[in-house]
Amino acid sequence: MICIGYMASMGSENVSLLKSKRISESESVVDFFLRAAETYGNELTIVTAGPLTNLAEAIKKDAEVMNKVGRIVMMAGALTIPGNLSPFAEANIYNDPLAAEFVFTSGVSFTMVGLDVTLQTMITQKDMEQWTTIQTEAAQAITEMTTYYYTNEYGEGEFGGALHDPLAVEVALNSEILTETLAINLTVETTGPSIGRTIGELARLNQPLKTAVVGLSVDSPQFLERFFTVTSQILANN
């Protein structure tokens with residue numbers, strides 16, 4: 001499996017990071033998606049952890065090529081619980097509901113790793129403190145960033161939060177981590193007070209072909225153990 005993804009950045013306050021040796025790519029994200037889809041086809045998995053703008057534009061530009069992609073896994077949406085940016089909407093969907101609505105109704109198949117399952121993967125301050133025992137610059141930086149992020153996200157004191165984006169990556173690598181799923185045809189509300197809401201599309205409700213698989217339950221203990229094992233190994237070597 002070849003996996004590519006794009007993610008939102010985490011607030012880092014005043015954490016000092018080494019300058020990357022990489023240079024900016026001249027190729028657009030949309031063209032990169034299409035080139036990767038053409039090159040790798042069914043071996044390719046795309047993981048999204050931000051608004052679906054680029055994915056929508058790639059499908060608009062060449063739907064036939066994008067349908068060659070093996071899997072699309074997105075950290076997005078909230079089907080059975082309230083959103084985190086409004087009572088209806090999860091942030092990645094809310095930030096570009098038109099793009100999300102286009103992707104959801106375009107006919108491409110995808111797995112939605114939404115708040116329904118990511119909020120079942122909560123970590124605490126105590127969990128994150130295990131990184132402080134790793135004597136590398138990377139471990140120090142990630143500890144400072146996560147401490148800052150989760151403190152500002154959830155308040156002072158005993159803080160913590162959900163591993164939204166990492167769970168989407170884990171699902172791409174190990175779909176069996178989801179212990180309950182729902183096959184459904186989804187859409188997104190694009191107007192009114194419930195803009196950004198992910199919901200079943202009534203017109204396609206009884207169609208036998210379902211394009212979306214929505215995670216409803218996750219093996220949280222197994223995921224958290226794997227998450228901290230892998231991250232600790234990476235941080236120890238950087």
Side-chain angles (χ1 to χ4, degrees), residues 3-9 28-34 36-37 44-119 162 164-165 167-169 171-172 175 178 180-216 218:
C3 180
I4 61 174
Y6 58 93
M7 306 179 71
S9 61
S28 71
V29 174
V30 170
D31 288 340
F32 174 66
F33 277 173
L34 292 170
L44 180 68
T45 295
I46 295 176
V47 182
T48 72
L52 300 180
T53 310
N54 291 323
L55 184 59
E57 291 303 314
I59 296 170
K60 290 176 184 178
K61 190 169 183 178
D62 198 329
E64 183 178 353
V65 169
M66 289 303 294
N67 272 295
K68 295 179 180 180
V69 174
R71 291 184 70 203
I72 297 173
V73 179
M74 57 182 68
M75 192 282 113
L79 183 63
T80 64
I81 62 174
N84 60 353
L85 210 58
S86 82
F88 305 97
E90 181 273 332
N92 290 335
I93 300 294
Y94 185 88
N95 283 320
D96 195 341
L98 290 174
E101 189 268 343
F102 177 82
V103 172
F104 282 19
T105 60
S106 68
V108 300
S109 298
F110 61 92
T111 298
M112 189 180 94
V113 180
L115 301 181
D116 313 85
V117 283
T118 65
L119 291 177
H164 302 291
D165 299 348
L167 181 60
V169 175
V171 170
S175 61
L178 295 177
E180 183 182 1
T181 61
L182 172 67
I184 187 173
N185 288 317
L186 290 174
T187 190
V188 174
E189 296 186 5
T190 58
T191 59
S194 58
I195 186 171
R197 181 185 183 187
T198 51
I199 190 170
E201 185 179 12
L202 189 59
R204 297 190 296 150
L205 189 64
N206 294 317
Q207 288 186 3
L209 177 63
K210 313 296 184 184
T211 57
V213 173
V214 179
L216 299 179
V218 59

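Numbering starts at 1 and runs along the sequence shown. These numbers come from a predicted model, not from an experiment.
In this structure, the side chains of L178 and T111 come closer than 4.5 Å at one or more pairs of heavy atoms. Contact check for L52 versus D96: no side-chain heavy atoms found under the 4.5 Å cut-off. With contacts defined as side-chain heavy-atom distances shorter than 4.5 Å, the pair S106/M66 does not qualify. The shortest side-chain heavy-atom distance between D165 and V169 does not fall under the 4.5 Å cut-off. Side-chain contact between I199 and T187 is present, with at least one heavy-atom pair separated by less than 4.5 Å.
Atoms CG and CD1, on L55 and I46 in that order, are 6.0 Å from each other to the nearest 0.5 Å. Taking CG from L186 and CE from M112, the interatomic distance works out to 6.0 Å, rounded to the nearest 0.5 Å. Atoms CG and CZ, on D62 and F33 in that order, are 14.0 Å from each other to the nearest 0.5 Å. Separation of atoms CD1 (I93) and OG (S86) is listed at 11.5 Å; rounding is to 0.5 Å.
Note on residues 82-110: pairs passing ring pair (Phe, Tyr, Trp, His ring centres under 6.0 Å), not counting sequence neighbours, are F104-F110. Applying the salt bridge (charged side-chain N to carboxylate O under 4.0 Å, His left out) test to residues at least two apart or on different chains, the pairs with a partner in residues 190-199 are E189-R197.
Between A91 and N84 the shortest heavy-atom distance is N-OD1, 2.9 Å. Taking all atoms of both residues into account, the shortest heavy-atom contact from G107 to N67 is O-OD1, 4.3 Å. Taking each heavy atom of E90 and L115 in turn, the nearest pair found is CG-CG, 3.8 Å. When all heavy atoms of T45 and A172 are compared, the pair lying nearest together is CG2-CB, 3.9 Å. In this structure, A78 and G83 approach most closely via the heavy-atom pair CB-CA, 4.4 Å. The nearest pair of heavy atoms linking A58 to V30 is CA-CG1, 3.7 Å.
For L182, the side chain to side chain contact (heavy atoms under 4.5 Å, CB included) partners at least two apart in sequence or on another chain are L79, I184, L216.
Within a 6.0 Å radius of CG in L202, no more than 12 heavy atoms belonging to other residues, nucleotides or ligands are found. More than 12 heavy atoms of other residues, nucleotides or ligands lie within 6.0 Å of CD in Q207, so this atom counts as buried by the packing criterion.
Here the side chain of N92 pairs no donor or acceptor atom with the backbone of G77 at under 3.5 angstrom. Without hydrogens or angle criteria, K210 side chain to L205 main chain gives a donor-acceptor distance under 3.5 Å. D116 contributes a side-chain N or O that, together with a main-chain N or O of T80, makes up a donor-acceptor pair within less than 3.5 Å.
Only one option out of T211, V188, I59 pairs with V103 in a side-chain contact (heavy atoms from CB on, under 4.5 Å); it is I59.
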Check your understanding: Which is it for L119 and H164 under the side chain to side chain contact (heavy atoms under 4.5 Å, CB included) test, yes or no, and what are the steps along the way?
Key -> CA-CA 7 Å; L119 291 177; H164 302 291; 4.0 Å; yes
Practice item. Show the numbers, then the answer: is there a side chain to side chain contact (heavy atoms under 4.5 Å, CB included) between V171 and R71? Key: CA-CA 11 Å; V171 170; R71 291 184 70 203; 4.0 Å; yes
Point to revise | E57 vs V29, side chain to side chain contact (heavy atoms under 4.5 Å, CB included): CA-CA, chis, key distance, verdict | key: CA-CA 9 Å; E57 291 303 314; V29 174; over 6 Å; no
